[in-house]
Amino acid sequence: MLKKLSAMWRRTWSLALVCAILVSVFGPLRSEAGRAIASVLCISLLVHCWYAQKKRVRRRQMVLISFALLMPTMAAIWLGLNVVRFYSYDGEAGNLIYLTVIGLQSAIEFSVVVVACLVVLWSAIELVGLLAKRASHT
C-alpha cells in the first residue's frame with residue numbers, strides 16, 4: 001500500500017505544487033511579475049504531470065486525466081493573460097490588445113466550466129461502472 005502511495009506521489013507532486021502556486025496568487029504573489037512567473041511555472045509543471053501520468057494509465061483514463069489537467073492549465077493561461085491585460089491597459093476604450101485579452105479570458109472562463117462539467121459527468125459514469133462491476137463480483 002505504501003509503495004502505491006509513493007508511486008502515486010511521484011506522478012502527482014507537480015499537480016500539488018500547481019495548486020499551491022495558484023492559491024498563492026491570491027496571497028503573497030500580488031505582483032504582476034510574480035503572477036507571470038507563476039503562470040509559466042504552472043504550465044510547465046502541468047505538462048510534467050501529464051507526461052508522468054501518460055506512462056502509467058490506460059488510454060481511456062488518460063483522456064479523462066487530460067481533461068482534468070486542462071482546467072488548471074487554462075487557469076494558468078488565464079493568469080498569464082491577466083498580466084498582459086494589466087500591462088496593455090492605457091485608458092483608451094479601443095485598445096485592441098486589451099480588448100482581445102478580455103475576450104480570450106471570457107472564452108477560457110466558459111471553457112473551464114464546460115470542461116469541469118464534462119470531467120464531473122465522466123467521473124460519475126466511471127464510478128458507477130466501477131461500483132457495478134464490483135457489485136456483480138460479490
Side-chain angles (χ1 to χ4, degrees):
M1 180 68 168
L2 188 59
K3 200 173 198 178
K4 282 186 178 183
L5 286 174
S6 175
M8 186 176 78
W9 175 249
R10 282 193 305 270
R11 293 191 325 257
T12 59
W13 67 267
S14 54
L15 181 60
L17 188 57
V18 165
C19 293
I21 291 169
L22 289 176
V23 167
S24 70
V25 167
F26 299 106
L29 287 178
R30 295 233 177 237
S31 73
E32 296 304 318
R35 290 178 178 180
I37 292 168
S39 176
V40 171
L41 185 61
C42 285
I43 292 169
S44 302
L45 288 168
L46 287 163
V47 168
H48 170 270
C49 185
W50 186 84
Y51 275 112
Q53 296 297 328
K54 185 179 177 186
K55 297 175 185 176
R56 301 266 196 282
V57 298
R58 294 185 309 263
R59 180 180 170 97
R60 181 173 159 173
Q61 290 174 329
M62 194 61 216
V63 174
L64 178 59
I65 289 171
S66 296
F67 278 120
L69 289 175
L70 190 58
M71 291 182 293
T73 303
M74 287 191 287
I77 291 169
W78 187 94
L79 182 63
L81 285 172
N82 208 45
V83 174
V84 173
R85 181 178 174 176
F86 178 81
Y87 286 115
S88 66
Y89 181 74
D90 64 359
E92 292 182 22
N95 186 345
L96 184 61
I97 295 172
Y98 182 77
L99 295 175
T100 302
V101 169
I102 290 174
L104 286 171
Q105 285 181 313
S106 296
I108 288 172
E109 291 166 8
F110 177 76
S111 298
V112 166
V113 171
V114 170
V115 170
C117 291
L118 177 70
V119 168
V120 167
L121 181 63
W122 191 337
S123 297
I125 291 169
E126 289 288 326
L127 181 62
V128 167
L130 179 67
L131 292 175
K133 187 177 180 180
R134 287 198 179 187
S136 69
H137 287 292
T138 57

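From a predicted model like this one, the values you see are computed outputs, not experimental measurements. All heavy atoms count here, side chains included; hydrogens, waters and symmetry mates do not.
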Spatial distance of atom [atom1] ([X]) from atom [atom2] ([Y]) [nearest 0.5 Å]:
X: Leu104; Y: Leu99; atom1: CG; atom2: CG; value: 11.0 Å
X: Glu126; Y: Leu131; atom1: CD; atom2: CG; value: 11.5 Å
X: Leu81; Y: Arg35; atom1: CG; atom2: CZ; value: 13.5 Å

Residues that Leu70 engages under side chain to side chain contact (heavy atoms under 4.5 Å, CB included), provided they are two or more places apart: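 Counting only residues at least two positions away or on another chain, Leu70 forms a side chain to side chain contact (heavy atoms under 4.5 Å, CB included) with Phe67, Met74, Val115.
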Leu17: partners by side chain to side chain contact (heavy atoms under 4.5 Å, CB included), with sequence neighbours left out: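 Counting only residues at least two positions away or on another chain, Leu17 forms a side chain to side chain contact (heavy atoms under 4.5 Å, CB included) with Trp13, Ile21, Leu45.
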Hey, any chance [X] and [Y] share a hydrophobic cluster, counting ILVMFWY side chains that come within less than 4.5 Å of each other, even indirectly?
X: Ile43; Y: Ile108; result: yes
X: Ile65; Y: Tyr51; result: yes
X: Trp78; Y: Ile37; result: no
X: Leu79; Y: Val47; result: yes
X: Ile97; Y: Ile77; result: yes

Residue list, side chain to side chain donor-acceptor pair (under 3.5 Å) with Ser66, at least two apart or on another chain: Trp50
Side chain to side chain, [X] and [Y], heavy atoms closer than 4.5 Å:
X: Leu69; Y: Cys49; answer: yes
X: Arg85; Y: Asn82; answer: yes
X: Val114; Y: Leu118; answer: no

How far apart are the closest heavy atoms of [X] and [Y], and which atoms are they?
X: Ser31; Y: Gly34; answer: OG-N, 3.0 Å
X: Lys54; Y: Met62; answer: CA-SD, 3.5 Å
X: Val18; Y: Pro72; answer: CG1-CB, 4.3 Å
X: Ser39; Y: Ala76; answer: OG-O, 2.6 Å

Residue among Leu64, Val63, Val57 satisfying side chain to side chain contact (heavy atoms under 4.5 Å, CB included) with Gln61: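 Testing each of Leu64, Val63, Val57 against Gln61, the sole residue satisfying side chain to side chain contact (heavy atoms under 4.5 Å, CB included) is Val57.
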Qualifying residue for side chain to side chain contact (heavy atoms under 4.5 Å, CB included) with Tyr98, from Tyr87, Phe86, Tyr89: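 Per the side chain to side chain contact (heavy atoms under 4.5 Å, CB included) rule, the option paired with Tyr98 is Tyr89, out of Tyr87, Phe86, Tyr89.
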Polar side-chain atom of Ser136 near backbone of Lys133 as donor-acceptor pair, under 3.5 Å: yes
